[in-house]
Protein chains: 2
Amino acid sequence: MNPKIDNFDQKILSLLQQDARMSHAEIGRQVHLSQPAVSERIKRLEAAEVIRGYRADVNPKALGYQITAMIRLSTQQGRPYAQYVASCPEIIDCYTVTGEDGAVMRVLATDVEHLQRIINELNAFGSTSTAIVLTTHVAGKTITAPVQEGS
Amino acid sequence: MNPKIDNFDQKILSLLQQDARMSHAEIGRQVHLSQPAVSERIKRLEAAEVIRGYRADVNPKALGYQITAMIRLSTQQGRPYAQYVASCPEIIDCYTVTGEDGAVMRVLATDVEHLQRIINELNAFGSTSTAIVLTTHVAGKTITAPVQEGS
DNA sequence: GTTGAAACAGAAGTGCT
DNA sequence: AGCACTTCTGTTTCAAC
């Protein structure tokens, strides 16, 4: 792990994950550091790509997506689903994973008919297994530095 | 779907998902709207909870997490894993889903030993199925309003 | 690391079309 | 609804400590 991430950086990262638009002065107040010190640390974290960027968290339901589903795709010898995944706006996450399921993706749909259409399209690349999300316990939990085992 | 989301709002949401710290004036330039008009629309979108918040995108690898895994948990008659999930910093997403897998979660681990420890803890709540993420095709793709079928 | 000042950029409020 | 203008807040950079 990056040894340059101290407790101040850790706290700053935590605050920025909760609210990316928090002012550096306000962060300084909460971590007991001056505003220029906070700005400098954030600049370092951005340069080191610890902070990849800042994103607005948009509520899919407010846009009309009533359904979130997790779809597992078992591809037959590496069919080129990557291009479809990239071009399909309903697929918002897609990971290639170990095991018999080649890919796991998170999909948004307005209704079950919409979901059915997406599944049909994905079936061109392999067999799918779909699980509709009932409740979201946590999504995008704040990432903290791992606790050291032997420190 | 929310009928008040027009093309301007759609474009603003897209820009803010790419960069939450983009200034309202810069957004205005790109959507051909004045800064106050953009500010007012963003305020509306925030009030309507279309925009839930703004989050820094932190790179797990930069913090020392070398492994991302998708773990499926088949719980036996609703064991109380929710509390564990909330308290475990390595579990960053957790959804209850339909089907035999009661829950699907995304987990960060520093190494395979670390992952093994998390799996062991989760096994207290049911049987687990773990898939290690090999590649991330897309993560947190920009959400766009659904295309209308009959419009 | 800190404070303080100056220059600049961005956000919010006002009035008008 | 929209824009132009002003004001206030926040950020950045600089100095000196």
Side-chain angles (χ1 to χ4, degrees), chain A residues 1-59 61-64 142-145 148 151, chain B residues 1-59 62-64 140 142-148 151:
Chain A
M1 120 180 217
N2 198 324
K4 299 192 287 294
I5 308 276
D6 63 10
N7 287 335
F8 283 119
D9 292 326
Q10 176 60 56
K11 191 74 198 293
I12 290 169
L13 287 175
S14 176
L15 289 170
L16 283 176
Q17 283 179 89
Q18 289 163 55
D19 179 10
R21 305 204 105 181
M22 185 178 287
S23 78
H24 297 178
E26 177 59 27
I27 293 172
R29 256 166 253 135
Q30 300 202 25
V31 303
H32 306 295
L33 231 53
S34 71
Q35 176 264 310
V38 171
S39 296
E40 193 194 349
R41 281 169 178 271
I42 291 174
K43 212 171 178 181
R44 259 203 316 106
L45 291 167
E46 288 171 349
E49 292 195 322
V50 176
I51 297 173
R52 284 203 202 105
Y54 303 93
R55 327 244 169 261
D57 178 14
V58 171
N59 184 357
K61 214 157 189 172
L63 284 182
T142 298
I143 299 173
T144 55
Q148 303 299 93
S151 68
Chain B
M1 116 179 221
N2 198 326
K4 299 193 287 292
I5 308 277
D6 63 11
N7 287 336
F8 283 119
D9 291 325
Q10 176 61 56
K11 191 74 199 294
I12 289 169
L13 287 174
S14 176
L15 290 170
L16 283 176
Q17 282 180 88
Q18 289 164 53
D19 180 9
R21 305 205 105 180
M22 184 178 288
S23 76
H24 296 180
E26 178 59 27
I27 293 171
R29 257 166 252 135
Q30 299 203 25
V31 303
H32 306 295
L33 231 53
S34 72
Q35 175 261 308
V38 171
S39 296
E40 196 193 347
R41 280 170 177 270
I42 290 174
K43 212 171 177 181
R44 259 202 316 108
L45 291 167
E46 287 170 351
E49 292 196 324
V50 176
I51 298 173
R52 284 203 204 106
Y54 304 92
R55 326 246 168 261
D57 178 14
V58 171
N59 184 358
L63 284 182
T142 298
I143 299 173
T144 55
V147 289
Q148 301 301 93
S151 69

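A quick note: this is a predicted structure, and the numbers were derived from the prediction, not measured. Letters go in sequence order (proteins before strands), and every chain restarts at 1. Keep in mind that the numbers below use all heavy atoms, side chains included, and drop hydrogens, waters and symmetry copies.
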Can you list, in residue-number order, the parts of residues 51-59 of chain A that come under 4.0 Å of DNA chain D, counting heavy atoms only? none
Passing option when A:V58 is tested against B:T144, B:L16, B:T142, B:L13 for side-chain contact (heavy atoms from CB on, under 4.5 Å): B:L13
Rounded interatomic separation in angstrom, taking [atom1] from [X] and [atom2] from [N]:
X: A:K43; N: D:dT12; atom1: NZ; atom2: C1'; value: 8 Å
X: A:I12; N: D:dT11; atom1: CD1; atom2: P; value: 13 Å
X: A:L16; N: D:dT11; atom1: CG; atom2: P; value: 11 Å
X: A:M22; N: D:dT9; atom1: CE; atom2: P; value: 19 Å

Does some side-chain heavy atom of A:I5 sit less than 4.5 Å from a side-chain heavy atom of A:L45? yes
For [X] versus [Y], what's the shortest heavy-atom pair and its separation?
X: A:A20; Y: B:A56; value: CB-N, 3.7 Å
X: B:Q17; Y: A:R55; value: O-CD, 3.2 Å
X: A:F8; Y: A:V31; value: CE2-O, 3.2 Å
X: A:V38; Y: A:G28; value: CG2-CA, 3.5 Å

Regarding B:Q18 and B:S14, do their side chains bring together a donor and an acceptor under 3.5 Å, going by distance alone? yes
When you compare the protein's N or O atoms with those of nucleotides 2-7 of chain D, which come within less than 3.5 Å of each other, and at what distance?
residue, atom, partner, partner atom, Å
D:dG2, OP1, B:R41, NE, 3.0
D:dG2, OP1, B:R41, NH2, 2.5
D:dC3, OP1, B:S34, N, 3.3
D:dC3, OP2, B:S34, N, 2.7
D:dC3, OP2, B:S34, OG, 2.7

Output yes when a side-chain donor or acceptor of A:E49 lies under 3.5 Å from a complementary backbone atom of B:N59, and no otherwise. no
Salt bridge (Lys or Arg N to Asp or Glu O under 4.0 Å) pairs, two or more places apart, involving residues 34-46 of chain A: A:D6-A:R41, A:D9-A:R41, A:D9-A:R44
Sequence neighbours left out, what pairs pass salt bridge (Lys or Arg N to Asp or Glu O under 4.0 Å) with at least one residue falling in residues 25-36 of chain B? B:E26-B:R29
Listed partners of A:R21 passing salt bridge (charged side-chain N to carboxylate O under 4.0 Å, His left out), at least two apart: none
Under 4.0 angstrom between A:H24 side-chain N/O and D:dG10 OP1 or OP2: no
If the cut-off is 4.0 Å, is A:S39 near the phosphate of D:dT12, judged by side-chain N/O to OP1 or OP2? yes
Using a cut-off of 4.0 Å on non-hydrogen atoms, how would the nucleic acid contact of A:R21 be classed: base, sugar-phosphate, or nothing? sugar-phosphate
Nucleotide range of DNA chain C contacted by chain B, 5' to 3', under 4.0 Å to a heavy atom? C:dG10 to C:dG13
